Amino acid sequence: MKFELTSLEKKWVLYDVGNSAFTMLVSTIFPIYFNHLAGQAGISSVNYLAYWGYAASVCTLLVAVLGPTLGALADTRNSKKQIFTVFLLVGVAGCALLGFTTSWLWFLVIFILAKTSYSSSLIFYDSMLTDVTEPERMDQVSSQGFAWGYIGSCIPFVAGIAVVLGGGRFGLTIQPCMIIAFCITSVWWLVSSLPLLFSYKQKYFSERQSHVLGDTLGRLWKTLVEIRRQKHIFLFLLAFFFYIDGVYTVIDMATAYGQALGLDSTGLLLALLLTQIVAFPSVLIMGKAANKIAPHKIISVCIGAYFLIALFAYGLDTQVKFWILAVLVGMFQGTIQALSRSYFAKIIPAEKSGEYFGIYDICGKGASILGTAFVSFVAQLTGKVNVGVSALTVMFLIGFVLFHMAVKASPKSVNFSKK
């Protein structure tokens, strides 16, 4: 039977279409433009990669600190959409403002603000999954979000690339081209978000107390204690911390890595566009397969595949190899994110989804502090940008082992091993 999204599920998916356009810029045009600004300031390729990695680490650190408290606060009645809207608007405004920036340092400062707001909005967006659909539909709905996000992000990306690459024919310098490209993405992100903002209603919540902050921190502490006692959730979060660290490090630093190796900018952008195109059918196929194959088995395959991808990336030195890497990443990137999100949503209390996804986000994007910072540090220490990549294989190996321990510790109803 064909799977069809409900109206509310479609609107939830549409936000993935909008925010993925920003992710695409972060992975492609942002580091290239920063490389241009850094080059004008006389910064070396090694330091350029390091500064970009450090900026990404600061973003994830800020989200790790803010996420759990804001997530717990969002679980109170009618709070989730309000906080989500604030971060959405700040992220959209920051994205547009980046095009007007000519200083490499100010570019990094505004980038940190925009990326932190974008990542924070995802805490509340992910936790909305429990409100917009039912547990038995979560794997496919989550997969649809990532799938349409990948293909939808290509539209503003292609438009932006056309401006950046073709602006010279109309007498435009790089800065006005960047202004137009970044504003296209900002508008796309905002417009794609409006249907969800107008339709979403928080179904699961806690009642607001008189002492909001104190009550929020109290509930958060209870949740942390609760997670520690629930072995399958605790082990899953540990596993997720390690394996998603490698995934997000690849996403955050792929273009910067290629640039530092001296690969052609246009080729890098087209390769990453290919990643989005490959990811679209891959996520849909894997999401549908989760109805017949236990989701934890598919997640395990994805972790193993990323282990091999990290080994391959270590020896990356040509444009052709980068294109091969782009295809491999596209095959597994969306699936491991989508099924991890829906797997977690099924094993947590729906009325505490904000709190739990705040902690989930620490173990997710917060984990990439370790990956990006380590790659940056080793690159500066050795003077070789590819040496730090080998550390990612360790992350995937540890994540694989811990994930299997989490599955074994889970109740039968959580394992989803009936198929």
Side-chain angles (χ1 to χ4, degrees), residues 17-45 47-49 51-52 55-56 89-115 117-118 150-193 251-277 319 322-323 326:
V17 174
N19 73 66
S20 293
F22 177 78
T23 305
M24 189 68 165
L25 276 191
V26 171
S27 302
T28 55
I29 298 180
F30 277 14
I32 290 175
Y33 185 47
F34 175 64
N35 186 33
H36 167 75
L37 297 177
Q40 286 186 326
I43 296 173
S44 69
S45 61
N47 283 330
Y48 145 71
L49 179 70
Y51 293 152
W52 185 252
L89 295 178
V90 173
V92 168
C95 178
L97 187 59
L98 280 167
F100 295 88
T101 308
T102 57
S103 162
W104 70 269
L105 183 57
W106 276 109
F107 185 91
L108 284 185
V109 171
I110 298 172
F111 166 73
I112 289 171
L113 177 65
K115 179 73 183 301
S117 298
Y118 154 79
Y150 282 126
I151 203 68
S153 67
C154 293
I155 298 173
F157 174 71
V158 170
I161 286 297
V163 172
V164 172
L165 298 181
R169 298 179 182 179
F170 301 96
L172 297 177
T173 61
I174 187 169
Q175 189 179 3
C177 290
M178 289 299 173
I179 291 173
I180 295 172
F182 293 175
C183 285
I184 288 173
T185 297
S186 295
V187 172
W188 179 270
W189 184 5
L190 178 62
V191 172
S192 299
S193 308
I251 294 172
D252 287 342
M253 303 194 72
T255 304
Y257 181 44
Q259 284 266 293
L261 290 173
L263 303 183
D264 176 63
S265 297
T266 302
L268 294 178
L269 294 177
L270 293 175
L272 291 169
L273 177 61
L274 178 62
T275 297
Q276 308 296 100
I277 296 172
Q319 199 83 45
F322 194 89
W323 279 74

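Computed from a predicted model, the values in this text were never measured in an experiment.
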Checklist entry - Any idea which heavy atoms bring G94 and I110 closest together, and the distance? => result O-CG2, 3.6 Å
Next on the checklist: Looking at T275 and A326, would you say the former's side chain and the latter's main chain have a donor-acceptor pair under 3.5 Å?
Outcome noted: yes
Checklist outcome for this item: Heavy atoms of I184 and A159 approach each other most closely as CD1-CB, 4.2 Å
Next on the checklist: Between W188 (side chain only) and V17 (backbone N and O only), is there a donor and an acceptor less than 3.5 Å apart?
Outcome noted: yes
Checklist entry - F182 and F100: aromatic ring centres closer than 6.0 Å? => result no
Checklist entry - Does any non-hydrogen side-chain atom of S153 lie less than 4.5 Å from one of T23? => result no
Next on the checklist: With rounding to the nearest 0.5 angstrom, report the CG to CZ distance, L98 to F30.
Outcome noted: 4.5 Å
Checklist entry - Do V164 and I180 come within less than 4.5 Å of each other through their side chains, counting heavy atoms only? => result no
Next on the checklist: As an exercise, state the distance from CG of L172 to CE of M178, rounded to the nearest 0.5 Å.
Outcome noted: 12.0 Å
Next on the checklist: Would you say the rings of F157 and Y150 are close, in the sense that their centroids are separated by under 6.0 Å?
Outcome noted: no
Checklist outcome for this item: Distance col, row L25:CG vs Y118:OH, nearest 0.5 angstrom, shows 11.0 Å
Item to check | A41 versus W104, closest heavy-atom pair with distance | outcome: CB-CD1, 3.6 Å
Next on the checklist: To the closest 0.5 Å, what do you measure between CH2 (W189) and CG (L89)?
Outcome noted: 9.5 Å
Item to check | Residue pair F34 / F111, side-chain heavy-atom distance below 4.5 Å | outcome: no
Checklist entry - Do the non-hydrogen side-chain atoms of Y33 and Q175 ever get within less than 4.5 Å of each other? => result yes
Next on the checklist: If you compare all heavy atoms of G160 against all heavy atoms of A181, which two are closest, and at what distance to 0.1 Å?
Outcome noted: CA-CB, 3.9 Å
Checklist entry - What pair of heavy atoms forms the shortest contact from S103 to L37, and how long is it? => result O-CD1, 4.1 Å
Checklist entry - Between I29 and I161, is any pair of side-chain heavy atoms under 4.5 Å apart? => result yes
Next on the checklist: Using 0.5 Å steps for rounding, measure from the OG atom of S186 to the CG atom of L97.
Outcome noted: 9.5 Å
Item to check | Spacing of OG1 belonging to T101 relative to CD1 belonging to I179, to within rounding of 0.5 Å | outcome: 9.0 Å
Item to check | The single option from I112, V92, V90 passing side-chain contact (heavy atoms from CB on, under 4.5 Å) against S117 | outcome: V90
